Amino acid sequence: MDHIFRAPKGTRDILWPDSARWRSLVDVFADVVSSAGYLEVIPPMFEHVEVFQRLGEATDVVRKEMYSFEDRGGRQIALRPEQTASVVRAFAQHRPVVPWKAWYAGPNFRYERAQKGRYRQFDQVGVEVLGPEDAHVDAEVIALAWRFYERLGLRRVTLAVNSLGSPGDRARYVEALRAHFSADLDSLSEESRTTLAVNPLRVLDSSREADADLVAAAPSMLDHLSDDAEAHFGRVTDALDALGVPFTVSPHLVRGLDYYVRTTFEFVAEALDAAQDAVGGGGRYDGLAEDLGAPATPGVGFALGVDRTLLACDAEGVFDAPTSVIDVFVVDTTGGERAVVLTDDLRRAGLRADRAWDGRSMKAQMKAADRSGAAMAVIVGEDELAAGTVAVRDLRGDGGQETVALDSMIDILRARLR
RNA sequence: GUGACCGUAGCUCAGUUCGGUUAGAGCACCUGGUUGUGGUCCAGGAAGUCGGGGGUUCAAAUCCCCUCGGUCACCCCA
């Protein structure tokens, strides 16, 4: 071999047991949201590029992180950088009856420099609710994410919530921010001065030392809320209190996608020592459906990062991967044909069974049996073949073994595996 | 896109400072000790373009340049 191919930059292979843990995380999520009546939606992984441009021309996701290309039919296509736009596009296309409560799981793609917790292909699980404007939907959505983290066993996740107000409030607040930062432009970092010109809200996100004082002194969004927006936000926080979901109000919480209005929220894993510690986030996007061609329909939802959530589980030492993948290992020293039939019999009886290949020695097959994690071995040698029996051996403990008739093999294994 | 650090068996790493036989170890893997029995132990084996290319030199894993990749951080976000 003169050349080894590698997974492309920013992507990686998820091998067992990580893959098993990954799958079971998605299973837990599906269980949590199904309990609340959410139905799965599986949108395509790419869309017409215009769908994602609705995320906001000023966002980095659209400006420099999109995997876009022209297909052979001359269509401008982009791999999805997130799924909310796809799901809302699907809503606009199919017009399901509202309230439409959907959940999803799958990969997204952003062209970025990879680092811990940030990859070019990254998976998210999430929900979207289209239709109701009720603040209690915001609370339900937030609480579902919270219960999901609880089910995983995570204890050190914190929830920050904020309101960006109605679109009009948001515009007035942006002006107030622009005035605040412009007044003291010299003490702002160079990067933030650039950000200020493009999107003043995002300056609040700066983690640079130089900006700390000015950001701390910035006006609060909460002082710029209309009465309606303030009432909506109050109903959200009251409901979270009633649910016993702890949160902090973070007036400077801004999120990177321009479609958010009113409620926004973010989950941070305190246990993660990485820079990328936001494990999930979401908010309300009342204008998005209309932008994508549907009648004006309010929406709210969240996306949780699968990769980062699992990193957080590592950091907290919770949600361990399963260990054993099979129950019974078949050892056959008579040529292997008995093993062909026996593994099939075992599998049809509902037992997980595997075997060794290539006619290896009994010792090698027993090593393989041990390594497989199987609790029991079924052994066939010339004697058993002639007698129509098998040896059933306990691979745990002291390895007791008995010779049994073929007819009773399944029953005995079931009893031993219990 | 910017910066820092790092690339030696499948994995974790010695060796690089100060160039010098055939590049080592542990784990994992294979075979045997045990021609019908795993785990522990013992013996042996296989496994490396020293990330790649170029340069300096009698001689390069080691020095220089370029490049690719990885990690982390900035940015941004899940």
Side-chain angles (χ1 to χ4, degrees), chain A residues 1-12 15 55 58-65 81-84 105-126 145 189-192 194-195 198-199 202-203 205-210 254-257 266-269 272-282 302-312 329 331-334 356 358 360-385 391-401 403:
Chain A
M1 173 176 356
D2 58 358
H3 182 66
I4 299 174
F5 286 108
R6 306 181 54 93
K9 196 178 181 68
T11 69
R12 62 237 205 287
L15 271 52
L55 306 179
T59 62
D60 281 9
V61 170
V62 170
R63 272 178 37 234
K64 53 184 194 187
E65 296 173 2
E82 57 122 47
Q83 287 174 77
T84 300
N108 306 306
F109 307 86
R110 293 182 196 173
Y111 190 86
E112 301 184 275
R113 278 281 280 269
Q115 68 185 74
K116 189 168 186 179
R118 193 180 72 180
Y119 309 99
R120 288 185 174 180
Q121 175 178 331
F122 63 100
D123 268 55
Q124 290 180 325
V125 294
S189 69
E190 193 183 330
E191 295 91 332
S192 287
T194 309
T195 306
V198 181
N199 190 338
R202 198 93 32 70
V203 177
D205 250 351
S206 169
S207 51
R208 285 171 289 269
E209 289 274 330
V254 278
R255 301 194 40 76
L257 302 170
E266 186 167 275
F267 297 94
V268 169
L272 276 180
D273 59 354
Q276 311 300 334
D277 58 1
V279 291
F302 65 68
L304 314 179
V306 172
D307 315 74
R308 288 187 191 176
T309 300
L310 287 172
L311 285 173
F329 198 95
V331 171
D332 176 2
T333 58
T334 68
D358 294 332
R360 302 182 61 191
S361 70
M362 174 170 240
K363 174 172 175 160
Q365 292 191 52
M366 286 301 295
K367 278 173 101 78
D370 188 51
R371 214 163 24 218
S372 76
M376 302 297 295
V378 164
I379 303 168
V380 191
E382 297 297 343
D383 295 348
E384 287 82 1
L385 185 63
V392 172
R393 182 179 181 85
D394 186 351
L395 291 175
R396 297 174 180 164
D398 285 339
Q401 180 169 325
T403 300

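All values reported here derive from a predicted model rather than from experimental measurement. Just so we're on the same page: letters track the sequence lines, and every chain starts at 1.
With sequence neighbours excluded, no residue forms a side-chain hydrogen bond (donor to acceptor under 3.5 Å, both in side chains) with D123(A). Applying the salt bridge (charged side-chain N to carboxylate O under 4.0 Å, His left out) test to R118(A) and every residue at least two apart in sequence or in another chain returns E112(A). Partners of Q115(A) according to the side-chain hydrogen bond (donor to acceptor under 3.5 Å, both in side chains) rule, which considers only residues two or more places apart in sequence or in another chain, do not exist here. Taking E82(A) as the reference, Y259(A) meet the side-chain hydrogen bond (donor to acceptor under 3.5 Å, both in side chains) condition, with sequence neighbours excluded. Checked against side-chain hydrogen bond (donor to acceptor under 3.5 Å, both in side chains), E266(A) has the following partners two or more places apart in sequence or in another chain: R255(A). R396(A) meets the salt bridge (charged side-chain N to carboxylate O under 4.0 Å, His left out) test with no other residue; sequence neighbours excluded.
Using a 4.0 Å heavy-atom distance criterion, A275(A) is classed as a sugar-phosphate-only contact. Residue-level contact check: Y119(A) touches the bases, meaning some heavy atom is under 4.0 Å from a base atom. Residue G126(A) is classed as having no contact, given no heavy-atom separation below 4.0 Å to the nucleic acid. Heavy atoms of E65(A) sit under 4.0 angstrom from primed sugar atoms or phosphate atoms, though from no base atom. Across all strands shown, D394(A) has heavy atoms under 4.0 Å from base atoms, whether or not it also approaches the sugar-phosphate. In this structure, A368(A) reaches neither bases nor backbone, as no heavy-atom distance under 4.0 Å exists between it and the strands shown.
A 3.5 Å limit on both hydrogen-bonding distances identifies no Watson-Crick or G-U partner for A61(B). Of the nucleotides present, none pairs with G39(B) by Watson-Crick or G-U wobble criteria with both distances under 3.5 Å. In this structure, C30(B) forms a base pair with G44(B), meeting either the Watson-Crick or the G-U wobble geometry with both donor-acceptor distances under 3.5 Å. In this structure A25(B) sits in a base pair with U12(B), meeting the Watson-Crick or G-U test at under 3.5 Å. For A73(B), the paired nucleotide is U2(B), the pair qualifying as Watson-Crick or G-U wobble because both relevant distances are below 3.5 Å.
Considering only the side chain of K9(A), G70(B) comes nearest among A73(B), G70(B), A78(B).
A distance of about 14 Å separates the P atoms of C11(B) and U71(B), rounded to the whole Å. Look at the C1' atom in both C29(B) and G38(B): the space between them is 16 Å, to the nearest Å. Here the separation of U56(B) from U62(B), taken at their P atoms, is 15 Å to the nearest Å. Distance noted for atom P between C72(B) and C65(B): 26 Å (whole Å). Across G24(B) and C68(B), the matching P atoms stand 33 Å from one another, rounded to whole Å. Taking atom P in both C5(B) and C63(B), one finds a spacing of 15 Å when rounded to whole Å. To the nearest whole angstrom, the two C1' atoms, one in C50(B) and one in G19(B), are 15 Å apart. To the nearest whole angstrom, the two P atoms, one in A43(B) and one in G51(B), are 32 Å apart.
Inter-residue side-chain proximity for D394(A) and M376(A) is flagged as met; some heavy-atom pair is nearer than 4.5 Å. A 4.5 Å side-chain heavy-atom check between D307(A) and R12(A) finds at least one atom pair inside the cut-off. At a threshold of 4.5 Å between non-hydrogen side-chain atoms, the residues M366(A) and I379(A) count as touching.
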- Evaluation steps, side chain to side chain contact (heavy atoms under 4.5 Å, CB included), between T309(A) and V125(A): CA-CA 10 Å; T309(A) 300; V125(A) 294; over 6 Å; no

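As a whole-Å value, the separation of R120(A) CZ from U71(B) P is 11 Å. The interatomic distance linking F109(A) (CZ) with A78(B) (C1') rounds to 14 Å, in whole Å. Atom CD of Q365(A) and atom C1' of G38(B) are 11 Å apart (whole Å). We find that CG of L395(A) is positioned 14 Å from P of U40(B), with the value rounded to whole Å.
Residue pairs that meet the salt bridge (Lys or Arg N to Asp or Glu O under 4.0 Å) test with at least one member in residues 360-383 of chain A, sequence neighbours left out, do not exist here.
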Report all interatomic pairs (protein N or O, nucleotide N or O of nucleotides 30-37 of chain B) with separations under 3.5 Å.
residue : atom : partner : partner atom : Å
C30(B)  : OP1  : R360(A) : NH1          : 3.4
C30(B)  : OP1  : R360(A) : NH2          : 3.2
C30(B)  : OP1  : R371(A) : NH2          : 3.2
C30(B)  : OP2  : R371(A) : NH1          : 3.4
C30(B)  : O3'  : R360(A) : NH2          : 3.3
U31(B)  : OP1  : R360(A) : NH2          : 3.3
U31(B)  : OP2  : R360(A) : NH2          : 3.0
G33(B)  : N7   : K363(A) : NZ           : 3.3
G33(B)  : O6   : K363(A) : NZ           : 3.1
G36(B)  : O6   : D383(A) : N            : 3.2
G36(B)  : O6   : D383(A) : OD1          : 3.3
G36(B)  : O6   : D383(A) : OD2          : 2.3
G36(B)  : O6   : E384(A) : OE1          : 3.4
G36(B)  : N1   : E384(A) : OE1          : 2.7
G36(B)  : N1   : E384(A) : OE2          : 2.9
G36(B)  : N2   : E384(A) : OE2          : 3.0
U37(B)  : O2   : R393(A) : NE           : 3.2
U37(B)  : O2   : R393(A) : NH1          : 3.0
U37(B)  : O2   : Q401(A) : OE1          : 3.3
U37(B)  : N3   : Q401(A) : OE1          : 2.9
U37(B)  : N3   : Q401(A) : NE2          : 3.1
U37(B)  : O4   : Q401(A) : NE2          : 2.7

Might you list the N or O atoms of the protein lying below 3.5 Å from N or O atoms in nucleotides 3-6 of chain B, with each pair's distance?
residue : atom : partner : partner atom : Å
G3(B)   : O6   : R113(A) : NH2          : 2.8

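Panel note: side chain R202(A), backbone V254(A); no donor-acceptor pair is recorded below 3.5 Å.
A donor and an acceptor atom never sit less than 3.5 Å apart when one is taken from the side chain of Q115(A) and the other from the base of C76(B). Scanning atom types as modelled, no donor and acceptor separated by under 3.5 angstrom connect the side chain of D370(A) and the base of G39(B). Looking at R118(A), its side chain comes within 3.5 Å of the base of C75(B) through a donor and an acceptor atom. Side-chain N/O atoms of E112(A) and base N/O atoms of A78(B) include a donor-acceptor pair closer than 3.5 Å.
Note on R255(A): a side-chain N or O is less than 4.0 Å away from OP1 or OP2 of A78(B).
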